[in-house]
Colleague: 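Following this message is one structure expressed as structure tokens.
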Amino acid sequence: MQGNFIEELRWRGMLHDMIPGLEEQLAKEMTTAYIGFDPTAPSLHIGNLAAIMLLKHFQLAGHKPIALVGGATGMIGDPSGKNAEREFLSEDILRENQIGIQKQLEKFLDFHGGANSAEVVNNYDWFKEFSFLGFLREAGKFLTVNYMMSKDSVKNRLETGLSFTEFSYQLLQGYDFYHLYKTKNVRLQMGGSDQWGNITTGTEIIRRKEGSGEDEADRAFALTTPLVTKVDGTKFGKSESGNVWLDPAKTSPYEFYQFWLNTADADVPRLLRVFTLFTQSEIENMEAQHAEAPHLRILQKALGQEVTTRVHGANICEEVIEASGILFAKDAIEQLEAASESVFQQLPIYQVSPEALAECQNLTDLISVGCNHLICSSKGEARKAIQGNAISVNKVKVNNPQANIDFPLLRNKYLLIGNGKQKNYILAIR
RNA sequence: GGGGAUAUACCAGAGCGGCCAAAUGGGGCAGACUGUAAAUCUGCUGGCGAAUGCCUACGGUGGUUCGAAUCCAUCUGUCCCCA
């Protein structure tokens with residue numbers, strides 16, 4: 001084996017809990033592990049990133065990672081962490097989503113690397129043929145309701161109620177593990193710490209069906225990683241516009257990079273460990289540098305660059321970094337005029353239609369209705385933002401809501417509008 | 001099936017028949033300070049408007065009243081107790 005997977009996770013702070021004996025198993029032979037992904041959206045988001053990195057490290061350590069796309073379980077909905085019954089998704093949508101997710105995983109994992117190549121499986125493939133009776137005999141027989149009720153994910157819902165369908169979710173997920181154990185010799189399931197209950201249901205099913213653990217060869221293992229949280233207690237992975245997606249059509253590379261760049265100092269060390277492959281000494285080095293000159297934000301930049309490169313590619317990433325640099329530079333206007341076209345295209349450009357523009361009486365209209373509420377969601381908000389000194393046009397603060405829209409255009413067609421310190425928009429107005 | 005409670009803005013949660021676009025807290029946004037950070041302080045936080053203004057809103061529908069988030073009836077949802 002090439003590296004110690006568990007050790008790696010430990011120093012990165014990515015190890016929350018595991019079933020004892022796992023280290024011995026991993027040391028003994030190449031082991032196969034899987035993590036489930038929920039196909040309720042056509043793209044993964046950075047909330048999934050920690051799980052992906054888990055698989056990545058696993059593969060780097062010489063083991064074989066499998067990503068399970070929960071086509072079947074996605075049709076049901078995991079009650080963990082939810083307080084309301086979930087909406088069903090159609091089979092078609094789930095299929096499409098799976099394809100998108102698979103493509104994104106290919107950016108992280110090696111699918112053509114010999115014995116320990118990554119694989120993607122879809123549990124719909126083995127569940128679709130399953131009859132209800134078959135399932136009851138194959139899976140349901142092996143767990144008691146008492147056991148299932150004792151899971152936190154279920155207990156937390158007893159007050160508000162949960163359907164039989166959602167109650168059965170853990171059986172499905174547990175059976176996945178068993179199925180993979182039998183067909184692909186998968187010995188380990190990993191996931192976020194909220195998945196512990198679901199995962200151990202799987203190991204329990206395997207144990208009951210295959211006999212218990214004196215014979216080590218029969219054992220199945222669970223490993224969880226702590227949920228990534230922010231220092232201020234808010235959820236990690238959301239920007240103000242919602243989830244941060246890996247799909248550039250849903251979250252532009254520029255926004256993606258900005259998300260990482262804006263990480264708070266207190267959060268950065270942890271995020272670097274979880275989301276990048278920098279070594280311990282590399283990270284500690286950077287931290288030392290950061291401590292000396294925090295305003296340079298070395299850590300944030302390293303984090304942003306690393307993750308953006310992995311997700312969107314080195315070229316795009318460079319352009320995005322350059323574009324970001326331009327927008328926040330003192331001489332942004334000159335630099336914008338001089339920037340190359342490909343870099344310019346990475347900027348957050350919004351096309352204002354001539355009709356919409358014609359409707360605009362003043363700046364207030366432009367930044368609300370004129371750009372389809374991109375910048376401000378209502379005229380009132382726009383007016384308040386302008387009066388509050390938040391809005392700048394071509395880097396010059398404007399605080400007259402009635403200002404005419406006769407600003408000089410950049411490159412003959414663009415206006416640079418800033419809202420606050422962090423948000424910049426380029427409006428193409430012709 | 002019987003009885004009781006409750007329904008307020010993004011969330012939590014006040015609210016006397018007129019002084020209620022609705023206390024307070026959280027969240028969100030912005031300003032100042034900085035480093036596109038954190039903490040702190042300040043302002044904003046239904047829509048339109050330059051505005052003293054207008055419109056829409058306190059689960060739905062009707063009603064009482066000069067006037068209703070506030071009273072009455074009814075419906076719906078949720079929760080609790082009994083069978």
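Here is how names work: the chains are called A, B, and so on, in the same order as the sequence lines, proteins then strands, and each is numbered from 1.
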Colleague: Using atom C1' in both nucleotides, what's the gap between B/C72 and B/U24 to the nearest angstrom?
Modeller: 31 Å
Colleague: Do A/Glu282 and A/Thr279 get their side chains close enough for a donor-acceptor pair, meaning under 3.5 Å?
Modeller: yes
Colleague: When rounded to the nearest Å, what value does the distance between C1' atoms of B/A68 and B/C16 take?
Modeller: 13 Å
Colleague: Taking only the C1' atom of each, what is the distance from B/C80 to B/U61 in whole angstrom?
Modeller: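 One C1' to the other, the span is 27 Å.
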Colleague: Atom CD of A/Gln361 to atom P of B/G49: distance rounded to whole Å?
Modeller: 10 Å
Colleague: Students often get this wrong, so: under 4.0 angstrom with heavy atoms, is A/Gln387 touching a base, only sugar-phosphate, or nothing?
Modeller: nothing
Colleague: Mind checking A/Lys397 for me? I need base, sugar-phosphate or nothing, with any heavy atom below 4.0 Å counting as a touch.
Modeller: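 Sugar-phosphate contact only - A/Lys397 comes under 4.0 Å of backbone atoms but never of a base.
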Colleague: Considering only side-chain heavy atoms of A/Leu261, which listed nucleotide, B/U36, B/A50, B/G35, is closest?
Modeller: B/U36
Colleague: Can you give one letter per nucleotide of nucleotides 42-47 of chain B, 5' to 3': B if a protein heavy atom sits under 4.0 Å from the base, S if only from the sugar-phosphate, - if neither?
Modeller: --SS-S
Colleague: Is any NZ, NE, NH1 or NH2 atom of the basic residue among A/Arg95 and A/Asp125 found under 4.0 Å from an Asp or Glu carboxylate oxygen of the other?
Modeller: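 Judged by the 4.0 Å cut-off on N to carboxylate O distance, A/Arg95 and A/Asp125 do form a salt bridge.
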Colleague: With a non-hydrogen cut-off below 4.0 angstrom, is A/Asn262 in contact with a base, only sugar-phosphate, or nothing?
Modeller: base
Colleague: Nearest whole angstrom, please: distance from the P of B/G31 to the CG of A/Asn399.
Modeller: 12 Å
Colleague: Inspect the contact between A/Lys379 and A/Glu359 and indicate whether a charged nitrogen and a carboxylate oxygen are less than 4.0 angstrom apart.
Modeller: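 The answer is no: the pair does not qualify as a salt bridge.
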Colleague: Please determine if a side-chain N or O atom of A/Gln422 lies less than 4.0 Å away from the OP1 or OP2 oxygen of B/A30.
Modeller: no
Colleague: Within the side chain of A/Thr309, is there an N or O that forms a donor-acceptor pair under 3.5 Å with the backbone of A/Cys317?
Modeller: no
Colleague: Measure the distance from CD1 on A/Ile391 to C1' on B/C29 and round it to the nearest whole Å.
Modeller: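 My rounded result for the distance is 11 Å.
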Colleague: Between A/Asn389 and A/Gln402, which residue's closest nucleotide on RNA chain B lies nearer the 5′ terminus?
Modeller: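 Closest to the 5' end, via its nearest nucleotide, is A/Asn389.
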Colleague: Any salt bridge linking A/Arg411 with A/Glu341? Criterion: basic side-chain nitrogen under 4.0 Å from a carboxylate oxygen.
Modeller: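 A/Glu341 and A/Arg411: salt-bridged.
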Colleague: Using 30° and 60° as the class limits, which term best fits the ring planes of A/Phe256 and A/Trp260: parallel, tilted or perpendicular?
Modeller: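 A/Phe256 vs A/Trp260 ring planes: perpendicular.
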Colleague: Quick one: A/Gln305 CD to B/U36 P, roughly how many Å, whole number?
Modeller: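 Whole-Å distance recorded here is 19 Å.
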Colleague: Which whole-number value in Å describes the distance from A/Leu299 CG to B/U36 P?
Modeller: 16 Å
Colleague: Write down the distance between CD (A/Gln289) and P (B/G35), rounded to a whole number of angstrom.
Modeller: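 For the pair A/Gln289 CD and B/G35 P, the rounded distance is 19 Å.
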Colleague: In whole Å, measure the gap between the P atoms of B/U8 and B/G2 for me.
Modeller: 26 Å
Colleague: Could you summarise the pairing of RNA chain B as dot-bracket text, marking Watson-Crick and G-U pairs under 3.5 Å with ( ) or [ ] inside the strand and | across strands?
Modeller: (((((((..(((.....[.....)))((((((.......))))))(((....)))...(((((..]....)))))))))))).
Colleague: If you pin A/Gly420 and A/Phe328 to their nearest nucleotides in RNA chain B, which one's is more 5'?
Modeller: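 Looking at the nearest nucleotide for each, A/Gly420 comes out on the 5' side.
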Colleague: B/G46 and B/C20: how far apart are their P atoms, nearest whole angstrom?
Modeller: 16 Å
Colleague: Whole angstroms only, please: what is the NE2-C1' distance between A/His295 and B/A38?
Modeller: 17 Å
Colleague: With C1' as the reference atom in both, quote the distance from B/U78 to B/U42 in angstrom, rounded to an integer.
Modeller: 41 Å
Colleague: Can you tell me, in whole Å, how much space there is between the C1' of B/A69 and that of B/A21?
Modeller: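 That atom pair is separated by 11 Å.
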Colleague: Using a strict cut-off of less than 4.0 Å between a Lys/Arg side-chain nitrogen and an Asp/Glu carboxylate oxygen, indicate whether A/Lys103 and A/Glu106 qualify as a salt bridge.
Modeller: no
Colleague: Among A/Ile367, A/Leu363, A/Asn362, which residue meets the side-chain contact (heavy atoms from CB on, under 4.5 Å) test with A/Asp365?
Modeller: A/Asn362
Colleague: Does B/A30 have OP1 or OP2 sitting under 4.0 Å from an N or O in the side chain of A/Lys423?
Modeller: yes
Colleague: Would you classify A/Ala385 as touching base, sugar-phosphate or nothing, given that sugar-phosphate means primed atoms plus P, OP1 and OP2, and contacts are heavy atoms under 4.0 Å?
Modeller: nothing
Colleague: Between atom CD1 in A/Ile367 and atom P in B/A30, what is the gap in whole Å?
Modeller: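 Interatomic distance, CD1 of A/Ile367 to P of B/A30: 12 Å.
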Colleague: Would A/Tyr425 and A/Tyr350 satisfy ring pair (Phe, Tyr, Trp, His ring centres under 6.0 Å), going step by step from the backbone distance to the final call?
Modeller: CA-CA 7 Å; A/Tyr425 306 87; A/Tyr350 181 81; 9.0 Å; no
Colleague: Determine the interatomic distance between C1' on B/A7 and the same-named atom on B/G59; round to the nearest Å.
Modeller: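 After rounding to an integer number of Å, I get 6 Å for this pair.
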Colleague: Using the side-chain heavy atoms of A/Gln300, tell me which of these nucleotides is nearest: B/G35, B/U36, B/A30.
Modeller: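 Selected nucleotide: B/G35.
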Colleague: Just how far is it from atom OG1 of A/Thr201 to atom CG of A/Leu172, taken to the nearest 0.5 Å?
Modeller: 11.0 Å
Colleague: Is any side-chain N or O of A/Gln258 under 3.5 Å from a base N or O of B/U36, one able to act as donor and the other as acceptor?
Modeller: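 Donor-acceptor pair under 3.5 Å: yes.
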Colleague: Taking 4.0 angstrom as the limit, do A/Lys384 and A/Glu381 come out as a salt bridge?
Modeller: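 Result for this pair is no, no salt bridge flagged.
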